[in-house]
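Notes follow once the structure below has been shown.
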Amino acid sequence: MTPSIVPTAPPKAPAGTLTTAFDDTLRFYLNGTRVVLDEIDPEVTLLEYLRGIGLTGTKLGCGEGGCGACTVVVSQYNPTTKRIYHASVNACLAPLVSVDGKHVITVEGIGNVKRPHPAQERVAKSNGSQCGFCTPGIVMSLYALLRNNDAPTEHDIEEAFDGNLCRCTGYRPILDAAQTFSVRKDARGPISGCGNAKANGGSGCCMENGGGGGCCKDGKVDGVDDQPIKRFTPPGFIEYKPDTELIFPPALKKHEFRPLAFGNKRKKWFRPVTLDQLLEIKSEYPTAKIIGGSTETQIEIKFKAQQYPVSVYVGDIPELRQFSLNEDHLEIGGNITLTDLEGVCQEALKHYGEARGQIFSAIYKQLKYFAGRQIRNVGTPAGNLVTASPISDLNPVFMAADAVLVAKTLGKDLEIPMADFFRGYRRTALPAEAVLASIRIPVTQEKNEFFRAYKQAKRKDDDIAIVTAALKLRLSDDGVVEAANLVYGGMAPTTVAAKQTNAYLVGRKFAELETLEGSMNALGQDFDLNFSVPGGMASYRKSLALGFFYRFYHEVMQTLGEKSDEEAVAELEREISTGKEDKEAAAAYMQETLGKSNPHVAALKQVTGEAQYTDDIPPLKNELYGCLVLSTKAHAKIKSVDFAPALDIPGVVDYVDKNDMPSARANRWGAPHFEETFFAEDEVHTAGQPIGLILATSAARAAEGARAVKIEYEELPAIFTIEEAIEKESFFDFFREIKKGNPEEAFKNSDYVFTGTARMGGQEHFYLETHASLVIPKPEDGEMEIWSSTQNPNEAQAYAAQVCNVQSNKIVVKVKRMGGGFGGKETRSIQLSTILALAAKKTRRPVRCMLTREEDMVTSGQRHPFLGRWKVGVNKDGKIQALDLDIFNNGGWSWDLSAAVCERSMTHSDGCYMIPNVHVRGRICKTNTMSNTAFRGFGGPQGMFIAESYMSEVADRLGMPVERLREINFYKPNELTHFNQPVTDWHVPLMYQQVQDEAEYAKRREAITKFNAEHKWRKRGLALIPTKFGISFTALWLNQAGALVHIYHDGSVLVAHGGTEMGQGLHTKMTMIAAQALNIPMEDVYISETATNTVANASATAASASSDLNGYAIHNACAQLNERLAPYRAKLGPSATLKDLAHAAYLDRVNLSAQGFYKTPEIGYTWGANTGKMYFYFTQGVTAAEVEVDTLTGSWTCTRADVKMDVGRSINPAIDYGQIQGAFVQGMGLFTMEESLWLRTGPMRGNLFTRGPGAYKIPSFRDIPQVWNVSLLKDVEWKDLRTIQRSRGVGEPPLFMGSAVFFAIRDALKAARKDYGVEATIGVDDPTDGLLRLQSPATPERIRLACVDPIMERARVKPKEGEESFFIAI
């Protein structure tokens, strides 16, 4: 957006109060160029400023510093370290005032397509960019690392991206690209950065080949580190030369930091440069907001609409960023950055030694997983303390250490003991006019004092804590506890000491079991949580409080040399991740272009920030910004809507709602039922349903206007879960069934009949680019051009025409690219683009809107949660005889695509198993959540999860390894599925064996059995999961595609097709198909965009069928052109170029444009009759995964995964590997981590709680398998596959492979429960026995609650009568 320019008026203080002379001009450098600003909007962030001046490479992904898409580098002189530091920062949080006197570097500033920076080029060429929206931020994080450390270790590389998220790639190729910059090795030998390493396709690193004297990348000769570092540049990459980087501008070294003041009547900024100036300002403005890193404040402004009329930026006061090592304490400035604090802790450890420096070791450990590097580069301990978060990572450490806070006012200094600092939820003892100047942290005693800190979160990296603890103990020489201070976060509204436990411990002999037992009892009383406790997870949080103390107790015992439970002490740590791909997979069928691993055609544009997304389109004259007015109630009647207050806000132009529709019918959408409304009419059915749209001259004013609209509701009962819907019979009018054989008879004849329930939650798409659209009305005939981030331009066109009351031929919808889609932009994108089209028609002005992450998550729908109730008949030999299954999906409040999702789940509920007698029934639950929608897999993963759940539980009931049960029941070639389709080109059994052999599965199973027998708190699990995914739209008419191919005079080719590019590499594959068909280089083929005026009536880009459909349509068009050019080829000879042929044909008036078309043959299934072919073919795969679980906390890590997919003859293996890796990690997130929660009570009841990266966790860089091998099936025939190149669709099928991690966790948990005699009863269908019934996702909480050790049993919190949990898990 363009920041609004407001003439500055320095704040006028009462005469004689502020003695400082303030400047009102910002001076900084941007990409090497000096910038001077004296007209500054005080509300603008660095991101808004950069995008407003056209530097759109820096992206807005979340607005809360949680995804890293907005990462830039700010170079500055650091007053703590006295060195230049290149800080990666979140531009979405950084106030513009914070860059005065600094050098801001954006992705555009380090390279471009013609001359990319080595970091950009290596990420692009290593296939580390798919949709590309997150890529500039990732590149800048890598750039920051290299600027600060041009010789990073592999550990430095692995940790460099802890503040960045990517939803497409699965992270592996990004890490591989980044590791090419690492120059040293660790104790294990050569790292993956060595280009000669066999893992990187080389002949072998010198270390692998037995070369002595260390790795060639080591920079050492015979182990002596006295040589300059020799960087190895992998073949084909630009050499990295640190001395060619942008210099720190010499003028900034002399920059005089002047006190600044600027603002307008809405907001004032001060930037003092001395502590005295700050105290003077604070004395005059006691309520002024002190800003250090702005990591919390910006979130309060954006998401809680907090207003801070006076803000004071304190990041440039050197006095607040110093530290001193004193005899008995370390004193740190309150505003020292957390990154610098890491270094200070390391220095303090060296200074005081290990025994006296235990507290600094604990702080360093907590900081390692404190947010991401971008936050640590600006966040401060003072900010952390004053924010008073009850789940702070650092505050318990300061409190347990008995730190003293030094606060200053203009007249006096105050010393506040940490024990007295927190007064209540988010309230502290800091006086309003005071600032927190420094923190004094005592050292521990040389002997007999012990200090440790712990943290548990949903995700290891960049996550807020569930529970934190800092535990301190002092013993006498004879082992009696003299003092104890056990402090916890996440257990109360404030950071709190376990007072009863502290009192109990004092005076007791520590090394006695009675002391441990009594302490655990006292902790249970200190933290006697109610089941409905705010924040939920009562049992889990209590178990963590007990578990942390148990771990601490035994660590102290171990240190004392006493008998201890040693295994409980060590926490789960990851190794450096590695992986390999089979680079020779396509060798047997590789052609001139097809079959080659070409990088994504837009990769270089994406890594340099030149790739344009919808919201990057430059602002148009007279453009308006839209902001949706959304319902805040889950189900209610609308009594009144008053938008007059919004129209009173300067900059707000208009309000649009249902009354602006040309007819009541025009407000309805969602084929085939048309029951959904663009704008709510008399009733809202979900929180987040659009009621209206505010239009304003800036996005900020539009958002302010939307908040000002007053809506009166009359609340109605709401339904959220599948179970509630079943109980209240709240269903859509939909019922499907598939019946094969005679299940009733088969159950009678089966040796055993077992029953069970499979339950899995939904999943947020979390594409990095939220829904965005720009609508440009034309002056004639109601014409309109719509740029939209949509997978479905055709439907966007149809509904825009509907609400504008014109024919479709007047509307052109265009898509350049999307920053991710995953199905979430198939239908839900239509809502925004259509509403904006109506607004543009009404105002006759261009209208733009990009949803905030919060708006996107509450309005756009998720993957459908599913419930399956199954009954399986099986014989003693393991052969399954019958399946009876009821499937329920949670459709949300409207139909959307729920029917098709339910149907696909039903057709995948057989997994890969031949079951002769099947009866499957499907229903859709109507609830008051957002309308759930398409998501990669489209019901397939849910159906297969139900299948693998009943396979796992049946195997447990039979006492048989589940791997064997699967093998016994696999389909054989050409056997019929339950929907009567023969399984052809069937390779799952072959891959099942290959993966076991390649992964040494049997050997590892033995090792795991031995490991589990020897370990109590650590358990390992192994799983081997197959997949069979049907490819085709189940709606027959969608299986068609068109293409338009033009050949120009110069031999260049322009291709248009109906598919959209969302990172999956579709345009890359289509370019390759055209290049191969026309026998020209890829560089001569170009795809500009997807548009409804070049290819009409295109199907949505979905169902993993887009390469099949559009590829054949392009091939068809090229075949027509080749036929027309054939006489000229014959005439001009084989050496003639396409330019020669085109020119000759043109002179003969031959048409050099061709329209291609393709429709999938043979398919067409009839429900009820159970006849016809549902899918054109099945994409198949098998994955083995191994995990290690820390059962004391529920933490886990995937130690290894081996994924093998049958994708036929790959068009582009690099693209396919990217899809496999990305889908696997997304699937792993679905089944282990990603949990959507709704609020049950309070003013926001019925609203989604997990509405951004702060609360909703997708996998990050350090969640991927530590060893990750991916391969494609080769050396087989595909006799029945009749697709383009005989390739198979690959977008969705690998997603279910991520469930292998879930089932490996289940395997580990079975071992943990077995230690306590809790197991399934063999041969009996007993609902009360020890069978493990694990729901998806297997979060750390669910993992811990599935354990049955005494600590967990002691911690279980039972609900009182009528008591319900704080959150609703859908």
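Both backbone and side-chain heavy atoms feed into the values below; hydrogens, waters and symmetry mates do not.
Looking at T339 and N377, their side chains do bring a donor and an acceptor atom within 3.5 Å of each other. Side chains of D100 and Y313: a donor-acceptor N/O pair is absent below 3.5 angstrom, by distance only. Residues Q374 and T71 have side chains that bring a donor and an acceptor to within less than 3.5 angstrom of each other. Remark: the E854 side chain and the T852 side chain contain no N/O donor-acceptor pair separated by less than 3.5 Å. Side-chain atoms of S577 and E158 include a donor-acceptor pair closer than 3.5 Å. Looking only at atom types and distance, the side chain of S129 has a donor-acceptor partner in the side chain of Q606 under 3.5 Å away. For the 3.5 Å distance criterion, the side chains of H765 and Q1226 fail to qualify, holding no donor opposite an acceptor. Under the 3.5 Å distance criterion, with hydrogens and angles disregarded, a donor-acceptor pair is assigned to the side chains of Q1219 and Q130. For the 3.5 Å distance criterion, the side chains of Q1266 and T1197 qualify, holding a donor opposite an acceptor. For the residue pair E245 / Y240, a side-chain donor-acceptor distance below 3.5 Å is found, with atom types taken as modelled. Counted by atom type alone, S75 and K102 present zero donor-acceptor pairs between their side chains at under 3.5 Å.
For N78 against R321, the heavy-atom pair with the smallest separation is OD1-NH2, 3.6 Å. A pairwise comparison of heavy atoms in Q1221 and T169 identifies CB-O, 3.5 Å as the closest pair. The two residues L774 and T614 come nearest to each other via the heavy atoms N-CG2, 4.1 Å. Among all heavy-atom pairs drawn from T25 and L260, the shortest one is O-CD2, 3.3 Å. Of all heavy-atom pairs between M818 and T1060, the closest is CE-OG1, 3.2 Å. Closest of all the heavy-atom pairs between C67 and G61 is SG-CA, 3.6 Å.
Atom CZ of R271 and atom CZ of F262 lie 9.5 Å apart (nearest 0.5 Å). Of the inter-residue distances, the one linking H117 atom NE2 with M140 atom CE reads 8.5 Å to the nearest 0.5 angstrom. Interatomic distance, N384 CG to F370 CZ, rounded to the nearest 0.5 Å: 4.0 Å. One finds the CG atom of L341 at 5.5 Å from the CD1 atom of I336 (value rounded to the nearest 0.5 Å). Atoms CD and CD, on E764 and E1234 in that order, are 8.5 Å from each other to the nearest 0.5 Å. Taking CE of M850 as the reference point, atom OG1 of T770 lies at 3.5 Å (rounded to 0.5 Å).
Remark: D616 engages K59 in a salt bridge, criterion side-chain N to carboxylate O under 4.0 Å. Using a cutoff of 4.0 Å between basic side-chain nitrogens and carboxylate oxygens, R373 and D162 are not scored as salt-bridged. The pair D615-R51 counts as a salt bridge, with a side-chain nitrogen and a carboxylate oxygen less than 4.0 angstrom apart. Under a 4.0 Å N-O distance rule, the pair D463/K458 does not qualify as a salt bridge.
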Q) So K825 and E769, salt bridge (Lys or Arg N to Asp or Glu O under 4.0 Å) or not? Walk me through it. A) CA-CA 11 Å; K825 296 176 180 175; E769 178 205 32; 3.1 Å; yes
Q: Give the intermediate values and the outcome of side-chain hydrogen bond (donor to acceptor under 3.5 Å, both in side chains) for residues D856 and Y767.
A: CA-CA 10 Å; D856 193 285; Y767 26 66; 2.8 Å; yes
Q. Does the side-chain hydrogen bond (donor to acceptor under 3.5 Å, both in side chains) test come out yes or no for N164 and S141, once each step is laid out?
A. CA-CA 8 Å; N164 293 85; S141 287; 2.6 Å; yes
Q. Given R1262 and E159, is the salt bridge (Lys or Arg N to Asp or Glu O under 4.0 Å) satisfied, shown in steps?
A. CA-CA 8 Å; R1262 285 193 283 188; E159 294 170 6; 3.7 Å; yes
(Q) Between Q179 and S182, does the side-chain hydrogen bond (donor to acceptor under 3.5 Å, both in side chains) criterion hold? Intermediate values first, please. (A) CA-CA 5 Å; Q179 285 290 6; S182 61; 3.1 Å; yes
Q. L96 and T45: side chain to side chain contact (heavy atoms under 4.5 Å, CB included), yes or no, with the steps?
A. CA-CA 5 Å; L96 195 54; T45 62; over 6 Å; no
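Note that R1251 lies outside the cation-pi zone of Y1256, set by a 6.0 Å cut-off to the ring centre and a 45° limit from the axis. In this structure, K460 satisfies the cation-pi test against Y369, with its NZ or CZ atom closer than 6.0 Å to the six-membered ring centre and inside 45 degrees of the ring normal.
Counting heavy atoms of neighbouring residues, nucleotides and ligands inside a 6.0 Å radius, atom NZ of K114 does not exceed 12 of them. Within 6.0 Å of the OH atom in Y29, the count of heavy atoms belonging to other residues, nucleotides or ligands exceeds 12.
Judged by distance alone, with hydrogens and angles left aside, the side-chain atoms of N31 form a donor-acceptor pair with the main-chain N or O of T106 at under 3.5 Å. Using a distance-only test at 3.5 Å, with no hydrogens or angles considered, a donor-acceptor pair links the side chain of K82 to the main chain of P79. With Q1064 contributing its side chain and M1062 its backbone, the two residues share a donor-acceptor pair below 3.5 Å. Using modelled atom types, no side-chain atom of R167 and backbone atom of G1222 make a donor-acceptor pair closer than 3.5 Å. The main-chain N or O of S389 is never found under 3.5 Å from a side-chain atom of S392 such that the two would form a donor-acceptor pair. Here the side chain of H103 pairs a donor or acceptor atom with the backbone of G32 at under 3.5 angstrom. Checked by atom type and distance alone, the side chain of E1061 never pairs as donor or acceptor with a backbone atom of R817 at under 3.5 Å. Of the possible polar contacts, none joining the S126 side chain to the G128 backbone as a donor-acceptor pair under 3.5 Å is found. Looking only at distances, a side-chain donor or acceptor of R376 sits under 3.5 Å from a matching main-chain atom of A371. Between the side chain of T244 and the main chain of K241, a donor-acceptor pair closer than 3.5 Å is present.
Using a 4.5 Å heavy-atom threshold, the side chains of P152 and L146 count as touching. Between F822 and C168 there is a side-chain heavy-atom pair separated by less than 4.5 Å. Annotation: side chain of T608 is not in contact with side chain of I110 (no heavy-atom distance under 4.5 Å). With a 4.5 Å cut-off on side-chain heavy atoms, S789 and H771 do not count as touching. Residues P249 and L246 have side chains not in contact (no heavy-atom distance under 4.5 Å, counting atoms from C-beta outward). D1263 has its side chain within reach of M1228: a pair of non-hydrogen atoms, C-beta onward, lies under 4.5 Å apart. I317 has its side chain out of reach of V273: every pair of non-hydrogen atoms, C-beta onward, lies at least 4.5 Å apart. Taking the side chain as every heavy atom from C-beta outward, L604 and N112 never approach each other to under 4.5 Å.
Note: Y171 and F1261 have tilted aromatic rings, judged against thresholds of 30 and 60 degrees for the angle between ring planes.
No close placement of the H255 and F28 rings is indicated, their centers lying 6.0 Å or farther apart.
Among pairs with a residue in residues 51-91, none fulfils ring-ring contact (aromatic ring centres under 6.0 Å, His included), at least two apart in sequence or across chains.
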